[in-house]
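Written out below as structure tokens is the structure these notes cover.
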2 protein chains.
Amino acid sequence: MTDPTAPGPLAAVAALMADPARARMLAALMGGEALTAGELARVAGVTAATTSGHLARLAEGGLVVVHAQGRHRYHRLASEHVAAAIETLGGLAARIAPVRHWKHGEEARAARLCWNHLAGRLGVALHERLTGEGLLRPVSGGWDAAPEGRARLVATGVDLDRADAAPRFACDCMDWSERRPHLAGGLGREIAAAWIGRGWLRRLPATEDGDILARRRVGLTPAGRRGLKDAFGLEAA
Amino acid sequence: MTDPTAPGPLAAVAALMADPARARMLAALMGGEALTAGELARVAGVTAATTSGHLARLAEGGLVVVHAQGRHRYHRLASEHVAAAIETLGGLAARIAPVRHWKHGEEARAARLCWNHLAGRLGVALHERLTGEGLLRPVSGGWDAAPEGRARLVATGVDLDRADAAPRFACDCMDWSERRPHLAGGLGREIAAAWIGRGWLRRLPATEDGDILARRRVGLTPAGRRGLKDAFGLEAA
DNA sequence: CGCGCGCTTCGGCCTTCGCCGAAGCATTCG
DNA sequence: CGAATGCTTCGGCGAAGGCCGAAGCGCGCG
């Protein structure tokens, strides 16, 4: 316990992300869905045996939580904080590494999920629009929706009661590609859920290669484009 | 180049932080000062030879930049984005790991530097005060100082011209201990520099053990306490 | 009830890499 | 112009850990 060779907590959590196979799994989980060990094995490109070990370590380290259901074991990211850290680290990596061209990079820059909320240009534009118009205002440690903002969000199907029940939507993630904040937390989650639910957003098919963006890309449907324009005057790219 | 076994950029940057000795070096560099290889060797607890290898990797990976001066080689974090990522990852680690009691943890929670700007309770309180009073207002991708806010900041000795010259102070770091944003970017840097310069803040002595907080803790002087109360009505803990 | 499937555990191989001491450069100082 | 200092490079050692195939285990289905 008081092992003098023990890595500090920072090194320990970094080590969990430092393995290529584990990093691919975490990236896949950034899509927000709970995935089985088998699915994660495929995206990571290793056998089931290897995957099992990796997932045990990730769970032990608190990055992932497991939910057994029948003969499947579903894994998802443990919390918003894990997602935010991965997003931030991914952003740093993208900034530092030679600009490697992801096959679907352009689509992902346009709109994607960051665990359970909206990111990419669309997520950033939404955040800017809401804050710039005063529909969201800064409060202690985060954002709160002004009455006018609440009404407009509810009109688009967002369940604000459930968003309010969340601890607080203090966490505005720093965006991977745009280097600007987008809306995370309970409100971000409810927005994404509502708009996917009413068909404004649609998940784009996962890529088969080990792409870090697999399962994260979303697209705005024509209905969504219209809806966002009507509700917020938002002209999506 | 197209090595199929190459780790993704995320795993690569995580690996740089995943070694205990390197993590200690990075933590020490979060104090914002440029440190020599020898100083980093001492804080990391390894020999000069080992340190040299680590620093070469960190520089190669873009986390650190080197500045040779005489027979010393000074190292500092490469950018604000590196500092933000370390802070975020450290926050996740603190949240996940069993609450380990750092010797100077309480002092560091009160006020510390996050690379070149103010963090801890003081940094968070300042951010909240400035945004809550409307002295800072949200603009596209960050914060801008309102006229009233500019005047008050200038009155405390902050060089706003230099802050304006910075790319943008879009980056409000997520705080390690408080899990709330504090003020980073060009403005954060100028504030910390100005207040240290006029004796409002003082660096506290570095700890001798390999503490992750070494060289980061700062204290508010009586003059600083008075000054912050007069300028912003800020009652520091 | 027995088979199939998903997942984990075990054992063994092998690469990676962190570590050090010794030697080699460079810079500064006496 | 040596000698000391700061740092890097080299060579070699050892531990950590990532990988797999095979075997084991639990759950659901036929």
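None of these values were measured; they are calculated from a predicted model.
Distance CE (Met25(A)) to C1' (dC19(D)): 12 Å, rounded to an integer number of Å. For the pair Arg24(A) CZ and dG18(D) P, the computed distance is 13 Å after rounding to whole Å. Nucleotide dC29(C) holds its C1' atom 12 Å from the NE2 atom of His72(B), rounded to whole Å. Whole-Å rounding puts the Glu60(B) CD to dT8(D) P distance at 14 Å. Atom CD in Gln69(A) sits roughly 15 Å away from atom C1' in dC7(C) (whole-Å rounding). Rounding to whole angstrom units, CG of residue Leu55(A) and C1' of dT9(C) are separated by 14 Å. Remark: C1' of dC5(C) and CD of Glu39(A) are 15 Å apart, rounded to the nearest angstrom. Atom-to-atom, OH of Tyr74(B) to P of dT8(D) comes out at 14 Å; the value is rounded to the nearest Å.
At least one side-chain heavy atom of Leu40(B) sits under 4.5 Å from a side-chain heavy atom of Leu29(B). Counting only heavy atoms from C-beta outward, the side chains of Val13(B) and Leu89(A) approach each other to under 4.5 Å. The side-chain heavy atoms of Ile86(A) and Met30(A), taken from C-beta on, include a pair separated by under 4.5 Å.
Within 4.0 Å of Ala49(A), counting heavy atoms only, lies at least one base atom of the nucleic acid. Residue Thr36(B) is in sugar-phosphate contact alone, with no base atom involved, counting any heavy-atom pair closer than 4.0 Å across all strands shown.
Considering only the side chain of Asp19(B), dC19(C) comes nearest among dC20(D), dT8(D), dC19(C). Checking dC19(C), dG18(D), dC20(C) against the side-chain heavy atoms of His54(A) singles out dG18(D) as nearest. Checking dC5(C), dG21(C), dC19(D) against every side-chain atom of Arg71(A), the shortest atom distance belongs to dC5(C). Picking from dT8(D), dC19(C), dG6(C) the nucleotide with the shortest atom distance to the side chain of Ala21(B) gives dC19(C). Checking dC19(C), dC27(D), dC20(D) against every side-chain atom of Val46(B), the shortest atom distance belongs to dC19(C). Comparing dT8(D), dG18(D), dC20(C) by their nearest atom to the side chain of Arg57(A) picks out dG18(D).
A salt bridge links Arg112(B) to Glu87(B): at least one charged side-chain nitrogen sits closer than 4.0 Å to a carboxylate oxygen. Between Arg189(B) and Asp159(B), none of the side-chain N atoms (NZ, or NE/NH1/NH2) sits under 4.0 Å from a carboxylate O, so this pair counts as no salt bridge.
Look at Arg73(A) and you'll find a side-chain N or O under 4.0 angstrom from OP1 or OP2 of dT8(C). Contact annotation: Ser52(B) does not reach the phosphate of dC7(D) (side-chain N/O to OP1 or OP2, under 4.0 Å). Residue Thr50(B) has a polar side-chain atom (N or O) positioned under 4.0 Å from OP1 or OP2 of dC20(C).
Heavy-atom distances to DNA chain D give each of Gly70(A) and Ala48(B) a nearest nucleotide, and the one nearer the 5′ end belongs to Ala48(B).
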